[in-house]
Each structure stands twice: as C-alpha cells, then as structure tokens.
Amino acid sequence: MSTTISNEQSAASQSQSIGYDVEQAVRLRYEAGAKQAEASLCCPSNYESDYLEKLPTEIVDKDYGCGDPTRYVRAGETVVDLGSGAGKNCYILAQKVGAAGRVIGVDFNDEMLALSRKYLDEMATKLGYSNVAFVKGKIQDLRLNLERVQQWLSAHPISTVEDLAVLETECTRLKQEEPLIADDSVDVVVSNCVLNLVRPEDKQQLFKEIYRVLKRGGRAIISDIVCDEDPTPTIINDPELWSGCIAGAFREDSFLEMFEQAGFHGVEILVRQEQSWQVLDGIEFRSMTVRAFKGKAGPCWERNQSVVYKGPWKAVQDDDGHTLYRGQRMAVCDKTFNIYTNPNSPYTQDILPILPQEEIPLEQAQPFDCSRTVTRHPRETKGLEYRVTIKNDNSACCDSEGCC
Ligand SMILES: C[S@@+](CC[C@H](N)C(=O)[O-])C[C@H]1O[C@@H](n2cnc3c(N)ncnc32)[C@H](O)[C@@H]1O
C-alpha cells in the first residue's frame, strides 16, 4: 500500500504540466554538448583508469555520466548502453567484454552518434577486434530503428494524414520484423545519467523496454541522478534543469520501485554518492547506481529443495514475497532455488542450499504453491525412510575406551 502511495506522489510530481518540449530541450543540449565539452553537465565519477588509457581524449572530455556502470560487466557479455553519448562507456565496455562480447550504444542524437562513431575504426585497431556498434533509437522504444525510419521517409516524403497512416504502418512493420534490439537478447543493460532525461509519461515504458530486451537471468546496471524529495514545479518547469539531469531525477525510493514494477528482482543499490551533487530548494540531488535482475517470471515446481538463510537479519523477503527466517529450513520451488543459488545471483552468499536426498526429475515435479511461506522438515529432504547411522572410526576424540 505504502509503495503505491509513494509512487503516486512521485509520478504526480513528474506529470505536472510541463510548459516546454522535454525531448527537444534534451536534444538541443546534447547536440551542443557533442560539439563543445560542457563541464557542468557532468557529475564527476571515477572510472577504472586502465580502461581510459586507450580512449581518445575527445571521448574522455565529452563525458556526461554520473557513475560507472561499466565496472559490473564481465567478459563475453552482450551489453546495451542506453544514451551512449560520446561513447565513453561503450569503449570501456568494449575492453571489458573482449572479442567474444558485444556492445551496442543507443542514442537519439545525430551529433552524439557521429561523435561516437568517429572513433570506431581507431578503437578497433587499438583493441585488435571490433565489437561495438552505435544505433539510433529512443531508449523508451528500443524496437524502433530510427535510421531505418529516416531511410523510409527519405524515399517516401509525407505531407498528408493518409501518408502519416502509411508511416505508422511502416513503423509497426519495422518494430516487428527488424527490431532495433530484439526481445531477450542482451546480458546486461547499462546506462549512465540518461534515464532521468526521458519524458515523465515515457518513464514506465522505458523500464518495460529494459526488461524486454534482457535475457532471462540478465541484469540492468543503471547509474542515474536521484533526489531525496520530489522536485518542485519550478524545478520541473525549467528546461535547462531538465536537460541538465536535475528536473527529471527520480526520487530515490521510486527509482527502485520502477524496477520492481517492471518485474525485476534482486534490486540493489550498488553505489549512492554520499555528498550531494547539487542542492536546489533544499532538495538534494546525487548519483546512484542500481542493479536489478530479470528472471523471476515462470512456473513454480516442487522438487523438495530447501534453503537456509544465514543471517545476519532476523528475516528477509524477496521480490516474490517469500519470507526467509534466519537459520530455518525454508521450502522453495525449483525456480526460486535456482535464482537463489545461481553463482551470479545477488542472494547466493546469504543462502545455504539443501538438496533432497532423492532428486525429483523436473518432468515428474508437481506444482508448488509459491504464495505461502513454509518450512520443510528435514525428513522431507532426507526421505521418510532415512535411518542411516554413521560411526566415525577415525574420529580423533575416540579411543579404545569409546567416544568422548
Ligand atoms: C547525460 S548524457 C550521457 C551520455 C553518456 N551516457 C555518458 O556517460 O557520457 C545523455 C545522452 O543520452 C541521450 N538521450 C537522452 N534522452 C534520450 C532518449 N530518450 N533516447 C535516446 N537517447 C537519449 C542524449 O542524446 C545524450 O547523448
């Protein structure tokens, strides 16, 4: 209940009538930022210096990020960078994922795309492989390839509402037949200081798009600007503050809730800048990096698995509503067991997995009611007929007189 109310407050603050075209303000600001570096647009952040050495100075200088999502990406992964700007994050990622990985930067700004693409060949030569592409699209609509739309428009200029309907049909076809980023195709979605820039009415769709393109088990790692209170109407109605990554900032609690509402689990704050970046009308704005996972959707099967939560909290609850009590042997379905125990899961270090003595093959498993929280008796794990007695003959505390 409180979740809904707090989000409503935040959404209401962002849906107040805005007296200017948000996208136009953002586009113009970053067109200029691609031509001339603007220091105040950047909230200083530390990147791993090894990866900066190979980057052209212009790319390093035209950095408008606020965090470093790149440090949470591994070799071989396919990564999409939302709002890739000059390409700094993408060219760092190119080195992180290596020749076996892939990096796709998405931006809607021609000047930024031209700047990032300018260094593609130089970087490929330096790295000895080519694994980066920059594509044109809106990050809240990752199906639509805007360069393909532009090509079509050049060949079919429109001037009537009937033409407009034909264009809409073509856009629908492009989204279905040639999506810019396909469903379930990406290991990691990163973004650095961009989500706040998206129009309030498109923000929910933006999170749905991040979820759509990720593979099951994939993750979003997003650095963005958050605020501790809702921005005032005066702040929101200032186009300079919007394009400067202030007015569209997420209230920090709603930022996490946006991931939850889109279906993510394991949502976690990785970094929250201690010092605020800016304070306006008493509202603090700072950078935060959040990680969230895709993969909790799907059927629940009973395979007699259990987990023990190690602590230190007395109890914890996951995004499916399961409560785990410290030290207790909790019954979980096969899906939850796999989510908790996957080596890359955010939960694995807190969990002790307990497999049944006799494995139940998935094809023979019965449905598991995940809406209840239950403990599992050890006999259920071991089997009712479990009667083994083990005497350890080599035990150091035993002697000829018997065990101590
Ligand atoms: C603050 S800059 C960040 C650039 C880059 N991530 C970095 O760390 O330097 C924002 C970038 O996102 C792009 N952008 C803003 N809104 C966008 C949208 N809705 N769709 C695609 N790109 C967008 C801008 O053109 C700009 O290049």
Side-chain angles (χ1 to χ4, degrees), residues 21-47 51-52 55-56 58-71 73 79-93 103-119 132 134-147 149 180-181 189-210 213 221-225 239-249 277-278 285 287 289:
D21 181 338
V22 167
E23 267 188 12
Q24 180 75 346
V26 169
R27 200 174 277 117
L28 291 175
R29 185 83 178 259
Y30 292 96
E31 252 177 48
K35 291 176 191 147
Q36 181 73 43
E38 192 191 331
S40 63
L41 260 182
C42 178
C43 157
S45 44
N46 289 325
Y47 297 88
Y51 296 100
L52 292 179
L55 266 53
E58 184 178 20
I59 298 293
V60 176
D61 291 348
K62 290 176 179 166
D63 164 21
Y64 301 124
C66 61
D68 180 15
T70 66
R71 62 181 66 218
V73 172
V79 190
V80 165
D81 177 21
L82 303 180
S84 43
K88 182 173 179 175
N89 292 270
C90 288
Y91 287 125
I92 293 174
L93 289 164
V103 182
I104 305 154
V106 183
D107 209 293
F108 71 173
N109 190 311
D110 287 328
E111 277 68 16
M112 280 296 187
L113 285 167
L115 171 59
S116 57
R117 285 169 174 168
K118 191 165 109 183
Y119 293 100
V132 186
F134 294 99
V135 298
K136 184 168 176 177
K138 287 191 187 182
I139 62 172
Q140 62 271 41
D141 185 3
L142 293 169
R143 283 197 171 95
L144 192 58
N145 182 334
L146 291 179
E147 268 160 341
V149 176
L180 185 67
I181 313 284
V189 171
V190 302
S191 183
N192 197 349
C193 213
V194 185
L195 271 50
N196 69 85
L197 295 169
V198 170
R199 299 186 305 181
E201 63 268 35
D202 291 341
K203 279 195 163 107
Q204 212 172 19
Q205 176 61 23
L206 166 65
F207 282 83
K208 285 189 185 159
E209 278 294 84
I210 298 174
V213 301
I221 301 167
I222 310 292
S223 299
D224 223 292
I225 298 294
E240 280 286 297
L241 289 179
W242 194 288
S243 61
C245 298
I246 293 285
W277 171 47
Q278 299 206 27
F285 295 84
S287 160
T289 300

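Computed from a predicted structure; not experimentally measured. When a ligand or atom number is given, it counts from 1 through the structure's own listing order.
- Listed by chain and number, the residues in a salt bridge (charged side-chain N to carboxylate O under 4.0 Å, His left out) with Asp202 are Arg199 (sequence neighbours excluded).
- Within 4.0 Å of ligand 1, protein heavy atoms belong to Val26, Tyr30, Asp63, Tyr64, Gly65, Gly83, Ser84, Gly85, Asn89, Asp107, Phe108, Asn109, Met112, Gly137, Lys138, Ile139, Gln140, Asn192, Cys193, Val194, Leu197, Val198, Cys245, listed by chain and number.
- For Asp141, the side-chain hydrogen bond (donor to acceptor under 3.5 Å, both in side chains) test picks out Lys175, with sequence neighbours left out.
- For Tyr51, the side-chain hydrogen bond (donor to acceptor under 3.5 Å, both in side chains) criterion is met by no residue, not counting sequence neighbours.
- A salt bridge links Glu147 and Arg117; the closest N-O separation between the charged side-chain nitrogens and carboxylate oxygens is under 4.0 Å.
- In this structure, a donor-acceptor pair under 3.5 Å is present between the side chains of Asp63 and Tyr47.
- Atom CG of Asn196 is separated from atom CG of Asp224 by 4.5 Å, given to the nearest 0.5 angstrom.
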